[in-house]
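Read the structure below first, then the notes.
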Amino acid sequence: MRQALENPFYYLDNFRQVLAWVGERHGDLLHDHERAFLDRFHQVPQASQALLVRMVMRKGTLFRASKLRYTEIGCPMQASVALIEHGWVETNPMLDVAQLFGLLKKDELLRVCGNAATNNQRKIDLLQAMLAEHSQPKPFASWCEGFDDAAFALTIGDLCDRLRLMFFGNIHQDWSEFVLADLGIFRYERVAFSPASRAFHERADVDAYLHLHRCRERFEAGDAAEAVLQDIPSTPYANEWLENRRGKLLLSIARQCERNGDLPLALRLHAANRYPGARERAIRVLERCGQPEAAMRLALTAQAVPESEHEAQQLQRILPRLLRTLGEPITRRVSLTQPERIDLTLPRPEGMSVEQAVREHLSRSDAPVYYVENALINSLLGLLCWDVIFAPLPGAFFHPFHAGPADLARPDFHARRAGLFDECLSRLGTGEYRDCIRRAFRDKFGLQSHFVSWGLFDEALLELALVCIPAEHLHAFFQRILQDVPNHRSGLPDLVQLWPGEQRYRLIEVKGPGDRLQDNQKRWIDFALRHQVPIAVCYVQWSEAAP
DNA sequence: TTCACTACTG
DNA sequence: TTCACACCATCCG
DNA sequence: GATGGTGTGTCTCAGTAGTGAAAC
Ligand SMILES: [Mn+2]
Ligand SMILES: [Mn+2]
């Protein structure tokens, strides 16, 4: 049964709220015709407004009247009149064969094209047959003579995407955020950000975001790299956030060039890209096209000032290989201290992961084991530093549906809040951190946070963790994560075992047959060994052969 | 007839 | 729009 | 065995209706 909201036009209210919000805060970033839409929208009948919003919220831009039946709207033909007058919706649109296929059911398609098509073939094969036969688009009514139905095309989808982007500051949050929040499915922290807060300050930035997004969609849809590249600016954006997005897209396009064998283009793109990881790819491409000297030069440049621990780690593998290629002497790497190794032979569990099997095997009544991966440490960090993470710094929050600050993944995330974080983490030195975490757990329970996984994390585990994990360890964990949130929030071991009687714990990374430590896991292991954090790697073999 | 998958809903 | 694992190819001692 | 790379499944709110294809 569906939950009931008292207002059947709830979605229209939400849409109006976005229009008002954007009009108030982003009015100067709108063109005249866009502002005119905001004004005129309120002047059409309510049923027409509602029908438009229903279309905006649904997938695609083409709809049949028979599929637009809503009790609160009534007759869609009648409601569409005002929308067509304003040009927001087009009636009887031209449709090519592919669009027609999206609109009609299979038996209807067979009626439309009474040719050699038979009911036996699948719909996708029918499309192939019809594509060859009908190349010209036709209006819906011409395709479907004798159908008692009409078709509409939404023409303001792009404008609504723009408004949504200006409201949320990203393209992946959609109109359903409102109703999900109203129903209590997603609950968000209330952040006291200033009324002047907004996602964008320049229209050109909105344009650039939308443009990059379209380019990415084309690239992911299979458009040729060269074609997409022609539309991506070749010079950096002044806005650092957008430049980051440009760099990320260029990195994935250049990697596709690597796969296609276009190494010169890949190298050119990587070399000009400041996005993290691009320099490493440039080194690898140079290595691959037989330029070990150039690869070595770039690798040494990188080693002098590595952009991240990840890059330094890659270089430790790349540099010896390059030295060998160049015939230079290799200094053997000193083998670092290794984590404790556990070898287990277990019966292959059915319907259970290898991590769960090890969890059950190692669990004791006085030392339970939890399968937490990144959730435990990140959640403790998110709870202790809740108020810092949700502090209303300029530009960090600008709508009611944030699970974290907008600059969470930026390099200066920690630096911008250094004082606040220092003060917050200092509580780990006094013992008041436990009550602080408990209080956040109770007060904030269920509120969306990028750091806190409420589902994988209950109060029993919280108490055990607070008893068993020393404050100094928590401090070291948190510092490392905050130093580079996107790179360091992952790679933590699968399991944690807690001995409340002895106030100790250990982390256990499980490796089944064929699995091996990943780079980010190795970096966490190195960290743990440096900080005397008990850590083990558990290698599992199956005691019987696979059936 | 059943089942898998998608779009839609609040 | 994430993260971790499963699996494959290649190279090397 | 070490390394690099690619593909896959898991997430997504839970429940419902519609569609199309496979099972029977
Ligand atoms: Mn894992
Ligand atoms: Mn593991």
Side-chain angles (χ1 to χ4, degrees), chain A residues 1-14 53-60 63-64 66-72 101-110 119-127 170-187 213 216-217 220 245 248 252 255-256 258-259 280-281 283-285 287-288 313-314 316-318 320-321 324-325 330 332-333 353-355 371 373-375 378 403 409 446 448 450 453 455-456 485-494 509-522 524 540:
Chain A
M1 91 176 90
R2 189 173 296 140
Q3 284 175 273
L5 295 173
E6 68 284 358
N7 176 10
F9 289 101
Y10 70 92
Y11 54 92
L12 177 54
D13 282 3
N14 297 337
V53 177
R54 284 290 194 184
M55 290 196 215
V56 168
M57 293 180 70
R58 281 172 57 168
K59 188 183 178 186
F63 306 96
R64 289 169 65 169
S66 59
K67 298 286 182 188
L68 290 170
R69 272 199 270 260
Y70 297 96
T71 54
E72 79 278 6
F101 263 68
L103 230 39
L104 265 53
K105 289 188 292 190
K106 188 182 170 187
D107 58 336
E108 293 172 325
L109 286 165
L110 289 169
N119 203 0
N120 296 333
Q121 54 190 337
R122 294 179 309 173
K123 191 180 180 184
I124 188 70
D125 299 328
L126 192 59
L127 173 61
N170 62 65
I171 208 74
H172 67 265
Q173 282 183 289
D174 63 26
W175 306 99
S176 67
E177 292 284 344
F178 286 86
V179 68
L180 294 178
D182 283 343
L183 292 172
I185 293 167
F186 290 147
R187 296 169 49 232
H213 179 66
R216 183 148 57 95
E217 280 182 331
E220 284 168 359
R245 296 186 69 82
K248 188 175 181 180
S252 54
R255 294 211 54 169
Q256 185 59 47
E258 288 184 51
R259 280 185 282 270
E280 178 213 321
R281 295 315 309 173
I283 296 169
R284 291 188 188 282
V285 172
E287 190 182 11
R288 201 177 138 195
Q313 184 182 34
Q314 300 292 327
Q316 282 202 349
R317 287 200 291 260
I318 293 172
R321 199 167 56 223
R324 196 170 51 239
T325 306
I330 354 168
R332 247 186 130 56
R333 211 188 317 159
S353 66
V354 61
E355 292 87 356
Y371 180 21
E373 281 185 341
N374 307 309
N378 279 294
Q448 296 291 311
H450 285 315
S453 314
L456 295 166
V485 173
N487 275 313
H488 293 171
R489 70 179 161 198
S490 61
L492 282 149
D494 296 312
E509 171 56 38
V510 176
K511 287 296 158 201
D515 194 8
R516 64 179 194 242
L517 288 174
Q518 299 175 57
D519 285 342
N520 58 355
Q521 294 172 334
K522 287 179 183 169
W524 268 115
V540 179

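Residue numbers begin at 1 in each chain, while the letters A, B, ... track the order of the sequences.
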Strictly below 4.0 Å: does A:Asn374 bring a side-chain N or O up to OP1 or OP2 of C:dT2? no
Does A:His172 or A:Gly514 map to a spot on DNA chain C nearer the 5' end, using the closest nucleotide for each? A:His172
Indicate, with a heavy-atom threshold strictly under 4.0 Å, whether A:Arg216 touches base, sugar-phosphate, or nothing. sugar-phosphate
Look at the side-chain N and O atoms of A:Ser490 and state whether any lies under 4.0 Å from the OP1 or OP2 oxygen of C:dA4. yes
Can you check the A:Lys59 NZ to D:dG18 C1' distance for me, whole Å? 15 Å
Which residue, A:Arg321, A:Arg317, A:Arg324, forms the salt bridge (Lys or Arg N to Asp or Glu O under 4.0 Å) with A:Glu287? A:Arg321
Length of the CG-P vector between A:Asp519 and C:dA4, whole Å: 12 Å
With a 4.0 Å limit, can you tell me whether A:Lys106 has a side-chain N or O closer than that to the phosphate oxygens OP1/OP2 of D:dG20? no
So what does A:Glu108 touch, heavy atoms closer than 4.0 Å: a base, only the sugar-phosphate, or nothing? nothing
Minimum-distance nucleotide to A:Lys522 side chain [options: B:dG10, D:dT3, D:dG4]: D:dT3
Separation between the P atoms of D:dC11 and B:dC5, rounded to whole Å: 15 Å
Testing C:dC8, D:dT6, D:dC13 for proximity to the side chain of A:Arg259, the answer is D:dT6
Among B:dT9, C:dT1, C:dC5, which nucleotide has an atom closest to any side-chain atom of A:Arg58? B:dT9
Are any of the side-chain heavy atoms of A:Tyr10 and A:Asp182 separated by less than 4.5 Å? no
Looking only at side-chain N and O atoms, does A:Gln314 offer a donor or acceptor that is under 3.5 Å from a partner on A:Asp519? yes
Only pairs with both distances under 3.5 Å count, Watson-Crick or wobble alike; so what is the partner of D:dT3 in this structure? C:dA9
Between C1' on B:dT9 and CZ on A:Arg69, what's the gap in Å once rounded to a whole number? 17 Å
Nearest whole Å is fine: how far is B:dT9 P from A:Leu12 CG? 14 Å
Closest approach of A:His488 to A:Trp524 (non-hydrogen atoms, all atoms of both residues): O-CZ2, 3.2 Å
What's A:Gln316 touching, base or sugar-phosphate or nothing? Going by heavy atoms closer than 4.0 Å. nothing
Quick one: is A:Arg284 getting a side-chain N or O under 4.0 Å of the D:dT3 phosphate, OP1 or OP2? no
Between C:dC5, C:dC3, B:dA7, spot the one nearest the side chain of A:Arg489, thanks. C:dC3
Closest to the side chain of A:Asp515, out of C:dA6, C:dT1, D:dT6, is C:dA6
If you look at every strand shown and take non-hydrogen atoms under 4.0 Å, does A:Asp182 touch a base, only sugar-phosphate, or nothing? nothing
D:dG4 base / A:Arg281 side chain donor-acceptor hit below 3.5 Å: no
Base, sugar-phosphate alone, or nothing: which one does A:Arg321 contact when heavy atoms must sit under 4.0 Å apart? sugar-phosphate
Can you give me the closest heavy-atom contact between A:Val354 and A:Val510, atom names plus distance? CG2-CG1, 3.9 Å
Considering only heavy atoms from C-beta outward, does the side chain of A:Arg489 approach that of A:Asn374 to under 4.5 Å? no
Across the strands shown, which category fits A:Gly512 at heavy-atom distances under 4.0 angstrom: base, sugar-phosphate, nothing? nothing
Using only side-chain N and O atoms of A:Lys511, determine if any of them is under 4.0 Å from OP1 or OP2 of C:dA4. no
To check you understand the geometry: which heavy-atom pair defines the closest contact between A:Phe63 and A:Met55, and what is its length? CZ-O, 3.4 Å
Can you tell which of C:dC5, D:dG5, D:dG4 lies closest to the side chain of A:Gln314? D:dG4
Ignoring backbone atoms, test whether A:Gln521 places a side-chain nitrogen or oxygen under 4.0 Å from the OP1 or OP2 oxygen of C:dC5. yes
Using the side-chain heavy atoms of A:Gln518, tell me which of these nucleotides is nearest: D:dT19, C:dT1, C:dC5. C:dC5
As a test of reading the structure: which of C:dC12, D:dG4, D:dC13 is closest to the side chain of A:Phe186, going by heavy atoms? D:dC13
Using purine N1 to pyrimidine N3 plus N6-O4 or O6-N4 for Watson-Crick, or N1-O2 and O6-N3 for G-U wobble, both under 3.5 Å, which nucleotide pairs with D:dT10? none
Which whole number of Å gives the distance between the P atom of B:dT1 and that of D:dT12? 37 Å
Check A:Arg69 against A:Ser66 and note the closest heavy-atom contact, atom names and distance. NH2-O, 3.6 Å
Base, sugar-phosphate, or nothing: which does A:Leu5 touch, judged by heavy atoms less than 4.0 Å apart? sugar-phosphate
For A:Asn520 and C:dC3, what is the distance between atoms CG and P respectively, to the nearest whole Å? 9 Å
Spacing between A:Arg516 atom CZ and C:dA9 atom P, to the nearest angstrom: 14 Å
Taking the minimum atom-to-atom distance to the side chain of A:Tyr70, which one of C:dA4, B:dG10, B:dC8 wins? B:dC8
Hey, does A:Tyr10 reach any base, or is it just sugar-phosphate, or nothing, if we go heavy atoms under 4.0 Å? base
Minimum-distance nucleotide to A:Arg255 side chain [options: D:dT6, D:dT3, C:dA4]: D:dT6
